Amino acid sequence: MTPILALDFETANERRDSACAVGLAWIADGAVVRRESRLIRPPDLRFSPGNIRVHGIVPADVRTQPTFPEVMAEFLPDLASGLVLAHNAGFDMGVLRASLVAYGLRPPAFSYLCTVQIARRVFPAEEGCGLGKVAARLGIRFEHHDAGEDAYACAEIALAAMRRTGAPDIFGLSRAIRLPITTMPEGPDRVLPPRAGPGPSSDCARSGPRLPPPLSFTVKGSRGDRYAITLEDRATGLRLRCTCMAGRYGTACRHVAALLVGDITDLLSGNHDDVERLRLRMEAAAEP
Ligand SMILES: [Zn+2]
């Protein structure tokens, strides 16, 4: 099932890549089913007084918090494969994209709907469709300008709109109010894809000192996608890179975890021997 989740960022200053807090709220079967919020350490600790006045977050609150990629790795698979809701979505989608780019990560294509536009169509009023105003009209109780609370209120607005229009889900709502889902295109590509290593046969033809053969694997993801896993020999040690969403954002993914324990259930490339070679090389590298 497509994840549907509301997203809200707070920023430290006027820059889109200065996120200092994120809130998320997932909806399913007509209700908010999960809520998360995290503080984020922005690239630098410059906080504008105006921004502090809005959200109350100060540098000391985020100094020891994880960075944007570290915080978002957990949520990006859902954001990238799902439908994102945000109140004034242009802002939050802009923060998401600018922050990924600032850290040299390639933004995937995100699909989203703006709940301001939903509210304008379903709950119009002279006072406007600011988050606080719409929430008050609908009787949604929340602490405005806390990222987690704002995301929750945004999700509740979408749910209220579905109930009001009788739409069975968010896609039905999109059709009913003629508000098409927007897709933010992929890229820009600041990250070089892992280079496909030469196969074992061409390795013999290489000149120079003989290096251990490069190890690469193709695995099948849970949705049938194919991912490439490559062993990289870096100055900092051996590292397995996977082209799946989690892998691209530098988190441990289950594909790598499976290979490391010799689980070849989803191995498509058929090089079972290399799985054992991989295990031996990782073991050797772990020796003191
Ligand atoms: Zn993976």
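Whatever order the structure lists ligands and atoms in, that order sets their numbers, starting from 1. Please read these numbers as outputs of a predicted model, since none were measured by experiment.
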Distance alone, cut at 3.5 Å: any donor-acceptor contact between the side chains of Ser99 and Asp17? no

Could you check whether the rings of Tyr227 and His255 sit parallel, tilted or perpendicular, using 30° and 60° as the cut-offs? tilted

So that I can tick it off, tell me whether Glu70 and Arg41 are bridged by a salt bridge, with the cut-off set at under 4.0 angstrom between side-chain N and carboxylate O. no

Could you grab the protein N, O or S atoms closer than 2.8 Å to the Zn ion (ligand 1) for me? Cys242 SG, Cys244 SG, Cys253 SG, His255 ND1

Salt-bridge contact Arg46-Glu14 (side-chain N to carboxylate O under 4.0 Å): yes

Within the side chain of Asp78, is there an N or O that forms a donor-acceptor pair under 3.5 Å with the backbone of Phe75? no

For Ser37 and Asp146, does a side-chain donor sit closer than 3.5 Å to a side-chain acceptor? no

